[in-house]
Q: 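Encoded as structure tokens, here's the structure I'll be asking about.
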Amino acid sequence: MRRHDKEIRDRELIDSILAKARVLRLGLCKDNRAYIVPVSFGYDGAFLYFHTAREGLKIDYIRANPHVCFEAEHDVRVVENKGDACLWTQSFYSVIGYGTIEEITDAAGRVDALNRIMNHYSGRKWVFDERRLEMTRLWRVSVDRVTGKRSGDETAPG
């Protein structure tokens with residue numbers, strides 16, 4: 001990272017940013033073509049969890065290359081400067097990391113993964129209809145390497 005003064009290495013703060021983020025973006029690659037896709041997600045400190053339909057473009061990319069880059073942000077705000085357009089900026093907390101995607105195929109693991117996703121947004125566990133579970137594929141991304149960045153507000157995210 002070029003701006004070391006903005007870098008976040010504290011894993012607790014990185015985990016906090018991921019806990020507060022609403023969208024995870026996955027950077028996938030197939031045949032030297034990049035594909036970035038936003039997903040709903042859950043996080044347990046070691047893995048990120050997301051779901052897909054049974055087939056689709058994400059799955060085509062995952063099959064071709066399970067290595068992924070991911071990004072999430074929290075508390076993004078535009079910082080205006082009424083006198084100088086070149087001094088407009090943004091205040092934010094972001095996380096970028098790398099990992100490997102694998103499908104979760106065992107029944108208990110699938111329910112656990114879907115509950116991690118739902119808990120991220122709802123704060124509670126759910127009971128899932130078996131028919132809907134059959135229509136859904138669940139995945140996890142190992143968090144192999146992760147860094148954070150902050151800009152504009154040097155206090156912890158609220």
Side-chain angles (χ1 to χ4, degrees), residues 1-77 89-123 125-126 128 130 132-153 156-157:
M1 181 176 299
R2 185 180 60 84
R3 294 285 310 264
H4 295 287
D5 59 316
K6 295 180 180 283
E7 185 175 10
I8 300 171
R9 292 187 181 183
D10 178 354
R11 189 57 184 257
E12 282 187 35
L13 182 51
I14 288 170
D15 288 351
S16 172
I17 295 164
L18 285 168
K20 290 176 173 76
R22 298 290 111 208
V23 176
L24 180 75
R25 288 168 192 80
L26 298 175
L28 307 167
C29 189
K30 172 184 160 194
D31 301 328
N32 289 321
R33 287 203 167 303
Y35 176 54
I36 299 171
V37 61
V39 296
S40 300
F41 73 104
Y43 177 61
D44 69 3
F47 293 97
L48 296 155
Y49 300 87
F50 68 98
H51 64 86
T52 65
R54 300 299 304 162
E55 293 297 325
L57 192 56
K58 280 190 292 288
I59 295 170
D60 294 344
Y61 272 74
I62 292 166
R63 280 186 188 131
N65 182 354
H67 302 285
V68 63
C69 180
F70 58 86
E71 184 276 342
E73 73 277 333
H74 169 65
D75 202 18
V76 178
R77 296 178 311 241
T89 188
Q90 291 194 29
S91 173
F92 63 88
Y93 293 86
S94 66
V95 170
I96 293 180
Y98 300 88
T100 304
I101 297 175
E102 67 178 320
E103 186 170 10
I104 303 167
T105 57
D106 66 287
R110 289 167 42 77
V111 169
D112 178 66
L114 200 49
N115 260 312
R116 289 181 188 279
I117 296 164
M118 289 305 302
N119 186 58
H120 184 81
Y121 298 96
S122 71
K125 285 194 169 195
W126 295 78
F128 301 102
E130 188 61 38
R132 289 211 174 157
L133 275 172
E134 289 174 10
M135 297 172 9
T136 306
R137 291 175 82 169
L138 288 138
W139 309 83
R140 70 179 175 198
V141 176
S142 59
V143 178
D144 299 337
R145 193 173 79 203
V146 65
T147 60
K149 183 176 179 180
R150 72 176 120 221
S151 183
D153 180 4

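From a predicted model like this one, the values you see are computed outputs, not experimental measurements. Because only heavy atoms are used, hydrogens play no part in the values below, and waters and symmetry mates are left out as well, while side chains stay in.
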Q: Could you grab the distance from atom CE of Met135 to atom NE2 of His51, nearest 0.5 Å is fine?
A: 11.0 Å
Q: I'd like to check the salt bridge (Lys or Arg N to Asp or Glu O under 4.0 Å) partners of Glu12; sequence neighbours left out, ordered by chain and number.
A: none
Q: Does any part of the side chain of Ser151, heavy atoms only, come nearer than 4.5 Å to the side chain of Gln90, both counted from C-beta?
A: no
Q: Kindly indicate whether the side chain of Asn65, heavy atoms from C-beta on, has any atom under 4.5 Å from the side chain of Leu28.
A: no
Q: Could you check whether any side-chain heavy atom of Glu71 comes within less than 4.5 Å of a side-chain heavy atom of Ile36, counting everything from C-beta outward?
A: no
Q: Heavy atoms only: give me the nearest Asp144-Ser142 pair and the separation to one decimal.
A: OD1-OG, 2.9 Å
Q: Quick one, Ile17 with Ile8, criterion side-chain contact (heavy atoms from CB on, under 4.5 Å). Give me CA distance, side-chain angles, the key distance, then yes/no.
A: CA-CA 10 Å; Ile17 295 164; Ile8 300 171; 3.7 Å; yes
Q: If you define the side chain from C-beta out and look only at heavy atoms, does anything of Leu48 sit under 4.5 Å from Leu26?
A: no
Q: Is the shortest heavy-atom distance from the side chain of Met118 to the side chain of Phe128 under 4.5 Å?
A: yes
Q: Yes or no on side-chain contact (heavy atoms from CB on, under 4.5 Å) for Val37 and Leu57, after CA distance, side-chain angles and deciding distance?
A: CA-CA 10 Å; Val37 61; Leu57 192 56; over 6 Å; no
Q: Do you know the tightest heavy-atom contact between Pro38 and Val23?
A: CB-CG1, 3.6 Å
Q: Minimum heavy-atom separation for Thr100 to Val68, with atom names?
A: N-CG1, 4.3 Å
Q: Run the salt bridge (Lys or Arg N to Asp or Glu O under 4.0 Å) test on Arg63 and Glu103 for me, step by step, so that the C-alpha distance in whole Å, both residues' side-chain angles and the decisive distance to 0.1 Å come before the verdict.
A: CA-CA 10 Å; Arg63 280 186 188 131; Glu103 186 170 10; over 6 Å; no
Q: side-chain contact (heavy atoms from CB on, under 4.5 Å) for Tyr49 and Ile104? Distances and angles first, verdict last.
A: CA-CA 9 Å; Tyr49 300 87; Ile104 303 167; 3.8 Å; yes
Q: Pair Tyr61, Ile101 - check side-chain contact (heavy atoms from CB on, under 4.5 Å), show working.
A: CA-CA 11 Å; Tyr61 272 74; Ile101 297 175; over 6 Å; no
Q: Measuring from atom CD1 of Ile59 to atom OG1 of Thr52, what distance do you get when rounded to the nearest 0.5 angstrom?
A: 3.5 Å
Q: Arg11: what forms a salt bridge (Lys or Arg N to Asp or Glu O under 4.0 Å) with it, not counting sequence neighbours?
A: Asp15
Q: Do the non-hydrogen side-chain atoms of His74 and Arg22 ever get within less than 4.5 Å of each other?
A: no
Q: Does one side chain, of Arg77 or Ser91, offer a donor that lies under 3.5 Å from an acceptor on the other?
A: yes
Q: Determine the minimum heavy-atom distance between Glu73 and Ala21, stating which atoms define it.
A: O-CB, 3.5 Å
Q: Please check if the distance between the ring centroids of His120 and Phe41 is under 6.0 Å.
A: yes
